[in-house]
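One-based numbering along the sequence shown.
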Amino acid sequence: VSPALLSEEQRLVGQADVVAVSAQALWDKWAAQSRRPVLARNAADFDHFHAPRAEDPLPEVHGRVAGYFGAIASWFDVPLVAGLARAHPDVTFVLVGDIFDVPLAELRALGNVRFTGPRPYALMPAYLARFDVCLVPFLLNDATRAMDVVKFYEYVSQGKPVVASDLPELAPYRELLYLARDGAEAGRLFAEA
């Protein structure tokens, strides 16, 4: 991030009447410098995820499904998902969402990994209903350490088991998901989920 952008961010926070953030890390960074800081965590539209579902979005997929929906971008841990897919060839890994700046050749080479591309939000409850295990496979870096991941709330709204990278913002929910520090731990937790 450029110094000019950081300076502008600092200036805007200082001038704003209210600074709303969705993560504790951002609160810690900006609370002392803003007039009225507000921590408003993300959430899920519970009613949406429990509304009558569309027909099965994966009729050709049989057996256990590990799923992810959301952007597949620079924070997505490709080696982690590839390792899980190789270790569990009997599980179909379904990745729903737009693909951005991430090389996916390693995943595309695996027969049990499927990319759906972007799908309408209205279909997410039906996809989630098919997921036996949900994934939050994010790299740990400055950006992800300050992410309050919306998909976590969506996943647990249907009571699904979640295996996630050990993101600090997910730590308060430790009893509701499996947090993995590395690929080996993710593999062990995935087998338990």
>> Please determine whether residues F69 and F46 belong to a single hydrophobic cluster, defined as Ile, Leu, Val, Met, Phe, Trp and Tyr linked transitively by side-chain heavy-atom distances below 4.5 Å.
In response: no
>> Show, in sequence, the C-alpha distance, side-chain angles and deciding distance for R64 and V133, and conclude whether the side chain to side chain contact (heavy atoms under 4.5 Å, CB included) test is met.
In response: CA-CA 8 Å; R64 199 161 180 231; V133 178; 3.1 Å; yes
> What pair of heavy atoms forms the shortest contact from V19 to S34, and how long is it?
Replying inline: CG2-CB, 3.5 Å
>> We want to know whether Y173 and Y153 form a side-chain donor-acceptor pair, criterion being a heavy-atom distance below 3.5 angstrom.
In response: yes
> When you look at CZ of R181, are more than 12 heavy atoms from neighbouring residues, nucleotides or ligands closer to it than 6.0 Å?
Replying inline: no
> Would Y68 and F76 count as a close aromatic pair, with their ring centres under 6.0 Å?
Replying inline: yes
>> Would you compute the distance between atom CG of L177 and atom CG of L179 and round it to the nearest 0.5 angstrom?
In response: 4.0 Å
> Is there side-chain contact between V136 and Y155, with heavy atoms separated by less than 4.5 Å?
Replying inline: yes
>> Restricting to non-hydrogen atoms, name the atom on A85 and the atom on V113 that form the minimum distance, rounded to 0.1 Å.
In response: CB-CG2, 3.7 Å
>> Can you confirm whether more than 12 heavy atoms, excluding those of E55, are under 6.0 Å from its CD atom?
In response: no
>> Could you go through Q10 and Q15, starting from their C-alpha distance and side-chain angles, then the distance that decides it, and tell me whether this counts as side chain to side chain contact (heavy atoms under 4.5 Å, CB included)?
In response: CA-CA 9 Å; Q10 180 81 35; Q15 291 179 348; over 6 Å; no
> Are V162 and Y178 close enough that some pair of their side-chain heavy atoms sits under 4.5 Å apart?
Replying inline: no
>> To the closest 0.5 Å, what do you measure between CG (L95) and CG (L135)?
In response: 7.5 Å
> What distance do R119 atom CZ and M124 atom CE have between them, rounded to the nearest 0.5 Å?
Replying inline: 8.0 Å
> Is E154 salt-bridged to K160, cutoff N-O under 4.0 Å?
Replying inline: no
> Can you tell me how far CG of L110 sits from OG1 of T92, rounded to the nearest 0.5 angstrom?
Replying inline: 12.0 Å
>> If I compare all heavy atoms of P57 with all of Y127, which pair ends up nearest, and what's the gap?
In response: CB-CZ, 3.5 Å
> Would you say the side-chain atoms of S7 pair up with the backbone N or O of P3, donor to acceptor, closer than 3.5 Å?
Replying inline: no
>> Are more than 12 heavy atoms, taken from residues, nucleotides or ligands other than D142, located less than 6.0 Å from that residue's CG atom?
In response: no
> Do D45 and Y121 have side-chain heavy atoms sitting under 4.5 Å apart?
Replying inline: yes
>> Test side chain to side chain contact (heavy atoms under 4.5 Å, CB included) on M147 and F152; report intermediate values, then the result.
In response: CA-CA 11 Å; M147 281 186 182; F152 161 71; over 6 Å; no
>> How close do L139 and T144 get, counting heavy atoms only, and between which atoms?
In response: O-OG1, 2.6 Å
> Salt bridge check: are R36 and D17 linked by an N-O gap of less than 4.0 Å?
Replying inline: no
> Is any side-chain N of the basic residue among E169 and R145 closer than 4.0 Å to the acidic one's carboxylate O?
Replying inline: no
>> I'd like to know if the side chain of D132 and the backbone of V65 have a donor-acceptor N/O pair within less than 3.5 Å.
In response: yes
>> When you compare the side chain of L104 with that of I72, does any pair of heavy atoms fall below 4.5 Å?
In response: yes
> How about L128 and C134: do any of their side-chain heavy atoms sit closer than 4.5 Å?
Replying inline: yes
> Side chains of D166 and R174: does their closest heavy-atom pair fall under 4.5 Å?
Replying inline: yes
> Out of curiosity, does I99 fall in the hydrophobic cluster containing V81 (side-chain heavy atoms, cut-off under 4.5 Å, transitive links)?
Replying inline: yes
> Are V91 and V78 joined in one hydrophobic group, where the rule is that I, L, V, M, F, W and Y side chains link up if heavy atoms are under 4.5 Å apart?
Replying inline: yes
> Looking at side-chain heavy atoms only, is the closest gap between V149 and N42 below 4.5 Å?
Replying inline: no
> Given the rule that I, L, V, M, F, W and Y join up when any side-chain heavy atoms are under 4.5 Å apart, are W75 and L26 in one cluster?
Replying inline: no
>> Working to the nearest 0.5 angstrom, can you tell me the gap between F93 CZ and N112 CG?
In response: 6.0 Å
>> Please find the pair of heavy atoms, one from H48 and one from P125, that lie closest to each other, and give the distance.
In response: O-CG, 3.3 Å
>> Between E185 and F190, does the side chain to side chain contact (heavy atoms under 4.5 Å, CB included) criterion hold? Intermediate values first, please.
In response: CA-CA 8 Å; E185 189 171 27; F190 183 84; over 6 Å; no
> Under 4.5 Å between any side-chain heavy atoms of R114 and V61, yes or no?
Replying inline: yes
> Roughly how far apart are L170 CG and F138 CZ, rounded to 0.5 Å?
Replying inline: 9.0 Å
>> Ring of F115, cation from R108 - is the NZ or CZ under 6.0 Å from the centre and inside 45° of the axis?
In response: yes
>> For L58, is there any backbone N or O sitting under 3.5 Å from a side-chain donor or acceptor partner on R130?
In response: yes
>> Could you report the tightest heavy-atom contact between Q33 and K29, atom names first, then the distance?
In response: NE2-O, 3.5 Å
